[in-house]
Visitor: 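First the structure, then my questions, so here it is.
Below, chains carry the letters A, B, ... as their sequence lines are ordered, and counting in each starts from 1. Note that the structure is a prediction, hence the values are computed from the model and not measured.
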Amino acid sequence: MQAIPYGKVACYGQIADLAGLPGRARLVGKALGAAPKQGWRDQAVPWHRVINAQGKISFAANSEHFQQQKKLLQDEQVVVIAGKVKLSDFQWQPDLAELLFVLQE
DNA sequence: GCATTGACTCGAC
DNA sequence: GGTCGAGCCAATG
């Protein structure tokens, strides 16, 4: 099981697909919400690195969750503008990530 | 078992 | 490129 690398983000559909749940993006969101923010597999769940297909944070711009996620992403050098992330630069590409992971090992 | 709801996605405007 | 509406699937009541 690999997690989304530092400084990268992924959309719900992508996660769902990787999780073997194609078309169940909403379930991913629900799962993330239900999952403990910490203590899963002895690590914090990088829920803040998960955004929707439009590259936007799926929370109301005035909600606490939104600001929290935005802050966390920015702390990871991910540019967040108007609640949006530049997917072309920060979207996680599983193939490449997996390749790097293999090479690293 | 049916109706509602939701951290979504895609196509159309 | 941003917004709107319809579609999808599971979980919940």
Side-chain angles (χ1 to χ4, degrees):
Chain A
M1 178 64 88
Q2 67 250 91
I4 303 172
Y6 180 95
K8 292 288 182 178
V9 297
C11 70
Y12 295 92
Q14 191 171 14
I15 300 299
D17 191 43
L18 289 174
L21 301 169
R24 263 130 306 227
R26 310 186 82 130
L27 271 297
V28 176
K30 197 171 281 189
L32 286 175
K37 293 182 174 57
Q38 179 180 315
W40 180 75
R41 217 190 59 145
D42 203 36
Q43 279 194 355
V45 179
W47 61 273
H48 57 278
R49 293 180 186 157
V50 185
I51 57 183
N52 64 23
Q54 302 183 332
K56 300 196 293 189
I57 295 174
S58 298
F59 281 115
N62 59 353
S63 70
E64 294 299 321
H65 281 126
F66 175 91
Q67 314 224 1
Q68 172 95 10
Q69 183 165 15
K70 180 181 173 185
K71 184 183 186 309
L72 288 171
L73 287 174
Q74 286 178 150
D75 284 345
E76 298 193 354
Q77 303 181 350
V78 175
V79 178
V80 181
I81 303 173
K84 291 171 294 186
V85 173
K86 198 174 182 181
L87 288 179
S88 56
D89 287 344
F90 298 105
Q91 182 171 39
W92 178 37
Q93 301 194 329
D95 294 329
L96 177 59
E98 189 171 20
L99 177 60
L100 292 173
F101 182 80
V102 174
L103 290 175
Q104 184 175 256
E105 294 294 327

Visitor: When you check the phosphate oxygens OP1 and OP2 of dG6(B), does a side-chain N or O of Arg26(A) lie under 4.0 Å from one of them?
Guide: no
Visitor: Looking at Arg26(A) and Arg24(A), would you say the former's side chain and the latter's main chain have a donor-acceptor pair under 3.5 Å?
Guide: no
Visitor: Pick the nucleotide of DNA chain C nearest each of Lys30(A) and Gln54(A); which residue has the one closer to the 5' end?
Guide: Gln54(A)
Visitor: Measuring from the side chain of Ala53(A) (C-beta onward, heavy atoms only), which nucleotide among dC9(C), dT9(B), dC8(B) has the closest atom?
Guide: dT9(B)
Visitor: Pick from Ile4(A), Val9(A), Ile57(A): which one makes a side-chain contact (heavy atoms from CB on, under 4.5 Å) with Val50(A)?
Guide: Ile4(A)
Visitor: Respond yes when some side-chain nitrogen or oxygen of Lys84(A) is under 4.0 Å from OP1 or OP2 of dG2(C), and no when none is.
Guide: yes
Visitor: dT9(B) C1' sits how many Å from Ile51(A) CD1, rounded?
Guide: 14 Å
Visitor: Between atom CG of Leu21(A) and atom OH of Tyr12(A), what is the distance when rounded to the nearest 0.5 Å?
Guide: 15.0 Å
Visitor: What's the NE2-P distance between His65(A) and dG6(B), to the nearest Å?
Guide: 15 Å
Visitor: Please give, in whole Å, the distance from dC8(B) C1' to Leu87(A) CG?
Guide: 14 Å
Visitor: Given atom CG of Asn52(A) and atom P of dG2(C), what is their separation to the nearest angstrom?
Guide: 12 Å
Visitor: Quick one: Arg24(A) CZ to dC10(B) C1', roughly how many Å, whole number?
Guide: 16 Å
Visitor: Could you walk me through whether Lys8(A) and Glu76(A) pass salt bridge (charged side-chain N to carboxylate O under 4.0 Å, His left out), step by step?
Guide: CA-CA 8 Å; Lys8(A) 292 288 182 178; Glu76(A) 298 193 354; over 6 Å; no
Visitor: Could you give the CG-to-C1' distance, from Leu27(A) to dT9(B), as a whole number of Å?
Guide: 14 Å
Visitor: What integer distance in Å separates Leu73(A):CG from dA7(B):C1'?
Guide: 13 Å
Visitor: Would you kindly give the CG-to-C1' distance between Leu21(A) and dC8(C), to the nearest whole Å?
Guide: 14 Å
